[in-house]
Amino acid sequence: WFTSANMHDDFLECLSHKTMNSNSMSQIIYTPKNSSYSTILKSFESNLRITSDFKPSIIFTPIDESQIQAAIHCSKKHGLQIRIRSGGHDYEGLSYISETPFVIIDLRNLRSISIDTENKTAWIQAGATLGEVYYRIAEKSKTLAFVAGVCPTVGVGGHFSGGGYGMMSRKFGTAADNIIDAKLIDANGRILDKKSMGEDLFWAIRGGGGTTFGIIISWKVKLLDIPEKVTVFNVTRTLEENATQLVYKWQHIADKVDDNLLLRLFLSSSESPFRRGQRTVHASFTTMFVGGVDELLHEMQKSFPELGLAKEDCIEMSWIESILFFAGFPRSTSLDVLLNRNITTNQRGYFKGKSDYVQQLISINGLKGIWKLFNHVDENSAELQFSPYGGKLNDFIESETPFPHRAGNIFMIHYGVGWEKMESSKKHIAWIRNLYRYMARYVSKSPRAAYFNYRDLDLGVNNKGNTSYAQARIWGAKYFKNNFDRLVQVKTKVDPTNFFRNEQSIPPISS
Ligand code: FDA
């Protein structure tokens with residue numbers, strides 16, 4: 001403890017020496033002595049499962065790039081690990097916990113967004129949230145948009161660097177697919193852009209994950225043309241309404257329908273509306289169509305008439321209204337809610353997530369096996385998301401970006417389970433692991449692929465000290481397939497001493 005306390009004091013002294021006067025220090029450096037330390041630490045944390053006996057003794061919230069350069073210099077000099085936090089939504093909390101003495105560099109003050117409607121581009125600082133990005137685009141244009149995830153409080157720092165799947169990904173690909181430039185600070189404290197970082201590093205940060213290669217300061221993205229109106233619907237069917245057959249049929253068309261159509265499927269289990277006191281599976285077809293209602297009905301009639309979609313089920317709205325719709329806000333909600341990034345107490349709970357990719361249809365019996373497993377967990381506590389692939393996602397070959405989940409995937413599964421009390425943690429984690437074991441026969445193999453942004457430490461972790469290529473490849477190949485090898489090469493070139501690291505960062509090959 002004594003050593004660690006000294007390290008932090010030395011770090012603080014170094015930082016104040018290198019950066020600024022003591023007035024501004026108090027507004028950007030938080031130690032446990034500050035009354036707002038705990039608020040700052042917890043303001044983005046929603047998953048109560050993530051706990052650690054080790055807290056950062058400094059949270060640094062820089063207001064400019066030179067302060068980040070100084071923090072890198074001082075943390076190197078005094079042997080403190082850095083954890084980088086943008087939106088704080090990492091499933092395993094790797095942006096704010098660590099078992100070795102560490103400092104959080106929290107990018108909440110670096111979140112300016114500048115939109116260039118003429119050239120259809122935007123520069124977005126890494127600390128911005130998706131909600132802020134969507135809001136600022138819509139403020140400037142009714143026919144420009146961006147493709148990224150559904151939850152407005154997710155940060156662009158982590159999200160874009162791991163891929164970024166959203167309700168228009170069949171039309172436009174991932175967020176990372178639409179990055180055209182970036183600014184990053186490397187382990188030597190140099191500020192690099194696309195040109196100066198070179199092709200390999202620019203490739204690596206667009207899907208190869210945050211943390212490993214440096215601190216992303218900002219992204220330049222391509223804005224995407226959309227019509228003034230899009231159409232959405234959310235239609236639920238239970239087992240009594242033929243849900244099993246519908247889910248089975250959905251698998252045949254989900255990746256093949258018109259690219260403007262993304263039919264996402266949410267599966268959960270709760271009381272049946274038809275049989276009181278009995279549980280049933282609810283299959284919710286949550287859909288975005290980049291176009292008008294008549295065109296959508298035509299497409300649905302052609303490819304999925306079994307769902308029985310009616311015009312009354314559909315709502316035409318602007319793209320920005322669809323963001324609120326998919327985030328679960330009532331229609332009358334003001335757009336300003338997108339600017340609210342703090343997680344409130346009632347949004348906190350215990351959570352574990354995992355992912356898989358499906359390349360061959362899951363049989364009716366396979367689906368029935370999932371329904372059975374739902375009965376082994378509390379009602380409403382588990383949810384599976386089936387997110388369709390195909391469309392634009394297939395336009396990229398696997399090695400074009402580090403995100404390798406391209407042609408051949410019908411859909412991605414996200415398994416999620418949530419609970420309210422710490423005492424039930426063991427039971428729920430055992431349940432999701434059991435479901436994951438059961439699914440092995442139905443999902444991709446060699447490797448059994450996973451989505452990096454749904455981080456899952458069950459897949460394997462690095463050692464506290466050096467980690468061999470072979471050990472890291474166990475989890476790395478699942479997220480990145482063969483791109484893992486190129487990521488290791490880039491890491492070895494740009495950060496050979498492994499300054500930027502966490503439990504699932506790409507290790508360099510030690511000489
Ligand atoms: P956070 O700040 O925790 O960072 C995540 C990782 O990236 C950490 O390792 C961190 O160190 C690193 N990092 C962060 N900023 C960095 C920077 N500037 N430079 C370098 N490294 C940096 N995904 C999806 O594709 N589609 C979706 O719809 C959703 N929806 C969703 C909802 C909810 C409620 C959660 C909790 C998560 C999602 N996700 C998702 C997953 C999400 O994309 C993933 O958790 C991202 O990593 C979150 O990025 P943040 O910046 O918020 O996290």
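Every number for a ligand or one of its atoms is a count from 1 in the order of the listing. Everything numeric here is computed off the predicted structure, so don't read it as measured data.
For Arg473 and Phe484, the positive end is not near the middle of the six-membered ring at less than 6.0 Å and at most 45° from its axis. Cation-pi geometry between Arg136 and Tyr134 is not met: the NZ or CZ atom fails to fall both under 6.0 Å from the ring centre and inside 45° of the normal. Geometric assessment of Lys354 against the ring of Tyr436 yields a positive cation-pi assignment under the 6.0 Å and 45° thresholds. The cationic group of Arg108 lies under 6.0 Å from the six-membered ring centre of Phe44 and within 45° of the ring axis, placing it in a cation-pi geometry.
The protein atom (non-hydrogen) at minimum distance from atom 3 (O) of ligand 1 is Ser95 OG, 2.6 Å. The protein heavy-atom contact nearest to atom 19 (N) of ligand 1 is Ile216 N, 2.9 Å. Nearest protein heavy-atom contact of atom 5 (C) of ligand 1 is Asp90 OD2, 3.6 Å. For atom 48 (C) of ligand 1, the nearest non-hydrogen atom of the protein is His89 CB, 3.8 Å. What sits closest to atom 28 (O) of ligand 1 on the protein, heavy atoms only, is Val150 N, 2.9 Å. Among all protein heavy atoms, the one lying closest to atom 23 (N) of ligand 1 is His159 CE1, 3.5 Å. Of the protein's non-hydrogen atoms, the one nearest atom 26 (N) of ligand 1 is Tyr165 O, 2.8 Å. Ranking the protein heavy atoms by distance from atom 17 (C) of ligand 1 puts Ile84 CG2, 3.6 Å first.
Taking every non-hydrogen atom of Arg85 and a distance limit under 4.0 Å, the qualifying atoms of ligand 1 come out as 2 (O). Against a heavy-atom cut-off of under 4.0 Å, Gly155 is close to the following atoms of ligand 1: 49 (O), 50 (P), 51 (O), 52 (O). Counting atoms of ligand 1 from 1 in the listed order, those under 4.0 Å from a heavy atom of Ala126 are 18 (N).
Remark: side-chain polar atoms of Lys195 are not paired, donor with acceptor, to backbone N or O of Leu192 under 3.5 angstrom. Using a distance-only test at 3.5 Å, with no hydrogens or angles considered, no donor-acceptor pair links the side chain of Asp255 to the main chain of Gly390. Distance alone, capped at 3.5 Å, places no donor-acceptor pair between the Tyr389 side chain and the Arg170 backbone.
Judged by distance alone, the side chains of Gln81 and Thr100 do bring a donor and an acceptor atom under 3.5 Å apart.
Under the 6.0 Å cut-off for aromatic ring centres, Phe480 and His405 do not qualify, their centroids lying 6.0 Å or more apart. Taking the six-membered ring for Trp, Phe233 and Phe325 have ring centres at least 6.0 Å apart. A distance below 6.0 Å separates the ring centres of Tyr91 and Tyr454.
Ion pairing between a basic and an acidic side chain is recognised when a charged N comes within 4.0 Å of a carboxylate O; Lys392 and Asp177 show no such pairing. Ion pairing between a basic and an acidic side chain is recognised when a charged N comes within 4.0 Å of a carboxylate O; Asp90 and Arg455 show such pairing. The pair Asp193-Lys183 does not meet the salt-bridge criterion, since no charged nitrogen lies less than 4.0 angstrom from a carboxylate oxygen.
Not a single heavy atom of Gly162 sits closer than 4.0 Å to an atom of ligand 1. Residue Tyr451 places a heavy atom less than 4.0 Å from ligand 1. Within the structure, ligand 1 has Arg455 among the residues with a heavy atom less than 4.0 angstrom away. In this structure, Gly214 has a heavy atom closer than 4.0 Å to ligand 1. Heavy atoms of Gly164 approach ligand 1 to within less than 4.0 angstrom. Within the 4.0 Å heavy-atom cutoff, Arg83 does not count among the residues contacting ligand 1.
Of the candidates Gly416, Ser161, Gly158, the one placing a heavy atom closest to atom 14 (C) of ligand 1 is Gly158. Of the candidates Asn453, Ile104, Asp106, Leu110, the one placing a heavy atom closest to atom 41 (C) of ligand 1 is Asn453. Considering each of Cys151, Ser505, Ser46, Ser86, the one bringing a non-hydrogen atom nearest atom 2 (O) of ligand 1 is Ser86.
With a heavy-atom cut-off of 4.0 Å, Leu107 touches ligand 1 through its side chain alone. Under 4.0 Å from ligand 1, not a single heavy atom of Tyr96 appears. Contact annotation for Tyr454 and ligand 1: only side-chain heavy atoms (C-beta onward) come within less than 4.0 Å of the ligand. Contacts between Asn502 and ligand 1, counted as non-hydrogen atom pairs separated by less than 4.0 Å, involve the side chain only.
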